[in-house]
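Notes to accompany the following structure.
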Amino acid sequence: MSTALLRMGIRGRRLIQFRFCSSLTTRQNSYYEHYDSGTRNLIDEFTTYCYQRNLERAMKTLNVMQRGKVFADSITYSELIKCCIASRAIAHGKRIHKHVFSGGYEPKSFLINNLLNMYVKFGLLDEAQALFDEMPERNVVAWTTMISAYAADSELKDKALEFLTLMVRDGVIPNMYTFSSVLRACQGPGILRQIHCSIIKVGLESDVYVRSSLIDAYSRWGESDNALCVFNEMVTGDLVVWNSIIGGFAQNCDGDTALCLYKQMKGAGFVTDQSTLTSVLGACTGLALLELGRQVHVHVLKYDHDLILNNALLDMYCKCGSLDDASCIFTHMDEKDVISWSTMIMGMAQNGFSRKALDLFEEMKDSGIKPNYITILGVLFACSHAGFVEDGQYHFRSMKKLFGINPGREHYGCMVDLLGRAGKLDEAVKLIHEMECEPDAVTWRALLGACRVHREMDLAAYAANKIIKHDPYDAGTYTLLSNIYAKSQRWQEASMVRNAMKNKGIKKEPGCSWIEVNKCIHTFIVGENSHPQISNIIRELKQIIWGLKEVGYVPDTDFVMQDLEGEQMEDSLQYHSEKLAIVFGIMSLSSGQTIRIRKNLRICGDCHVFAKLLAKMESRSIVIRDPIRYHHFQDGFCSCGDYW
DNA sequence: ATAGGGTTAG
């Protein structure tokens with residue numbers, strides 16, 4: 001007689017040893033054949049229900065079996081617990097937990113680990129911790145389950161790292177599961193490097209899970225170089241590792257590298273999935289590559305029910321200035337969440353369609369989706385850009401009451417912008433002093449922007465000094481401040497600012513514009529006449545300026561109040577990068593096509609007038625995206641309403 | 001039995 005059957009006899013009851021393992025273990029380990037056909041049928045039924053994750057029926061069948069003195073063992077319970085997790089049956093899970101410990105036999109360690117995992121999956125960390133504390137022996141799985149639980153909680157990441165130390169102290173050796181969990185808990189590049197060292201020491205760096213976690217962790221802390229090192233050391237990788245590195249660069253605003261890696265990935269024969277496409281769309285968004293984005297859209301159609309992917313698509317079209325496409329996708333999405341709505345509201349606002357943004361906000365509330373911090377930001381952004389002072393004040397005042405959202409710095413920034421732009425500079429200053437959180441450079445920049453519009457030199461100087469205090473390397477603000485002093489004939493202060501800039505080694509970022517023609521990106525950098533067709537472009541530009549002057553274009557050379565937010569004055573008025581890019585667009589795109597430009601600096605007043613008049617003269621749309629907002633030029637007007 | 005990648009702002 002086998003020892004198993006002997007044990008059954010001693011305990012005086014029958015245990016179910018399931019068919020879950022019958023394909024894995026040999027039949028001699030199974031009690032199954034010793035049962036009568038009625039019991040066998042019950043077990044079959046139970047097994048089927050468990051596989052179907054039909055908890056209700058499985059529990060019922062188990063009760064029937066227990067009445068026939070056939071009891072569950074650890075494997076049985078484990079399967080039941082998996083059922084509970086799948087159907088999120090918390091109460092059932094707790095009942096099974098009690099059951100396990102009230103039985104007359106000792107639960108196997110894997111069963112307790114399953115219970116632990118169940119509490120973690122249900123987010124009941126206290127219960128999990130209590131169970132963990134009671135465990136007679138904690139193996140690497142139990143430790144890893146706890147570490148993974150704490151690492152996933154933004155408030156408890158320190159605890160995950162602490163558990164790693166405790167675990168090692170307890171003599172339990174972390175494995176690749178442990179490391180890929182604990183990497184999520186690293187709260188800075190220092191500790192990350194330490195963990196990386198440990199991983200190398202135990203020789204786990206080539207595990208794909210560990211590798212993708214490392215890449216992700218380095219990317220999250222802005223250390224793309226290290227992420228790329230980890231990636232490049234890879235001999236054999238999988239889709240997720242590729243997705244990690246592509247996503248890492250896409251999120252770190254390095255779309256070029258992300259797209260380059262995407263190309264390599266396809267070259268290496270990998271098939272993309274939703275995650276890849278989401279990151280690639282993100283790269284297109286960052287680079288304003290509408291045509292490439294459209295190509296990716298074709299692949300996205302395969303996954304038309306993927307919400308995250310659709311949201312990324314939506315954002316791509318918004319940020320590439322194609323709101324018709326965005327609206328079309330938005331109306332056809334079968335599921336919309338708060339991010340879909342926020343993306344659309346912000347997209348409308350940034351592109352100058354403020355009324356539409358506010359209408360969407362009303363629609364969103366009607367649809368029952370609760371706005372979040374970012375949604376409200378979009379709403380206030382829309383109000384400030386259109387001068388809807390009362391709407392803005394209403395939404396700002398009611399956000400806490402209606403949605404329980406406390407206004408943050410960004411919200412105050414929008415309000416300062418709104419009030420300041422409406423000429424209520426006193427109220428804007430008052431609001432800054434009333435802020436619950438400390439004003440920062442962004443807040444002061446909003447005030448400075450308003451001062452620029454209303455030519456408030458003194459207040460502008462005050463705000464600019466505040467910005468420099470917060471952000472001592474902001475070249476744009478230095479330039480602006482020095483220009484303000486110069487304009488007010490405060491020469492000494494002007495030269496002091498310029499000296500401070502020189503001493504700190506702060507240099508202006510050169511103006512740069514990009515345009516996509518035939519799937520190729522053409523770059524124009526001010527002062528660097530590096531484009532192969534530059535002489536033709538300049539010749540054409542001169543003719544255009546000549547033509548525009550005939551219809552009333554007067555080049556504007558007053559830059560004093562135009563340097564804002566890192567958008568420094570570009571040196572040569574005539575050859576501003578966006579002018580070159582626009583002219584190149586006219587020369588190389590077919591006549592009906594919209595000209596789309598992306599800029600690294602804010603557009604200057606002169607180029608703005610130039611684009612408006614040119615759009616009218618050429619009867620075509622020009623869209624320029626700067627780091628903050630969008631300008632849709634058409635028929636002599638701009639969607640920004642001449643405020644930016 | 002325990003582990004990895006994707007969406008809104010700044």
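Scope of the values below: all heavy atoms of this structure, side chains included, with no hydrogens, waters or symmetry mates. Per chain, numbering begins at 1; letters A, B, ... match sequence-line order.
Contacts with DNA chain B (heavy atom under 4.0 Å) in residues 307-315 of chain A: A/Ile308, A/Leu309, A/Asn311, A/Asp315, listed by number.
The residue A/Met176 sits close to a base: some heavy atom pair falls under 4.0 Å. Counting any heavy atom pair closer than 4.0 Å across all strands shown, A/Thr343 reaches sugar-phosphate atoms only and no base atom.
Dashed line: the shortest gap from a side-chain N or O of A/Arg184 to OP1 or OP2 of B/dG4 is under 4.0 Å. The side chain of A/Gln274 contributes no N or O atom lying less than 4.0 Å from OP1 or OP2 of B/dT7. Dashed line: the shortest gap from a side-chain N or O of A/Lys319 to OP1 or OP2 of B/dA9 is under 4.0 Å. Applying the 4.0 Å criterion to OP1 and OP2 of B/dT2, one finds that A/Asn117 has a side-chain N or O inside that range.
Residues meeting the side-chain hydrogen bond (donor to acceptor under 3.5 Å, both in side chains) test with A/Ser342, sequence neighbours left out: A/Thr375. For the side-chain hydrogen bond (donor to acceptor under 3.5 Å, both in side chains) test, residues two or more places apart in sequence or in another chain that qualify with A/Glu410 are A/Tyr373. Residues that satisfy the side-chain hydrogen bond (donor to acceptor under 3.5 Å, both in side chains) test with A/Arg88, not counting sequence neighbours, are absent from this structure. Evaluation of the ring-ring contact (aromatic ring centres under 6.0 Å, His included) rule for A/Phe122 yields no partner, not counting sequence neighbours. Residues satisfying the ring-ring contact (aromatic ring centres under 6.0 Å, His included) criterion with A/Tyr150, sequence neighbours excluded, are A/Phe163.
Not a single donor-acceptor contact under 3.5 angstrom links the side-chain atoms of A/Ser180 to the base of B/dG4. Residue A/Thr145 places no side-chain atom within donor-acceptor reach of the base of B/dT2, judged by atom type and a 3.5 Å distance cut-off alone.
Candidate nucleotides B/dG6, B/dA3, B/dA9 were compared by shortest atom distance to the side chain of A/Tyr209, and B/dA3 ranks first.
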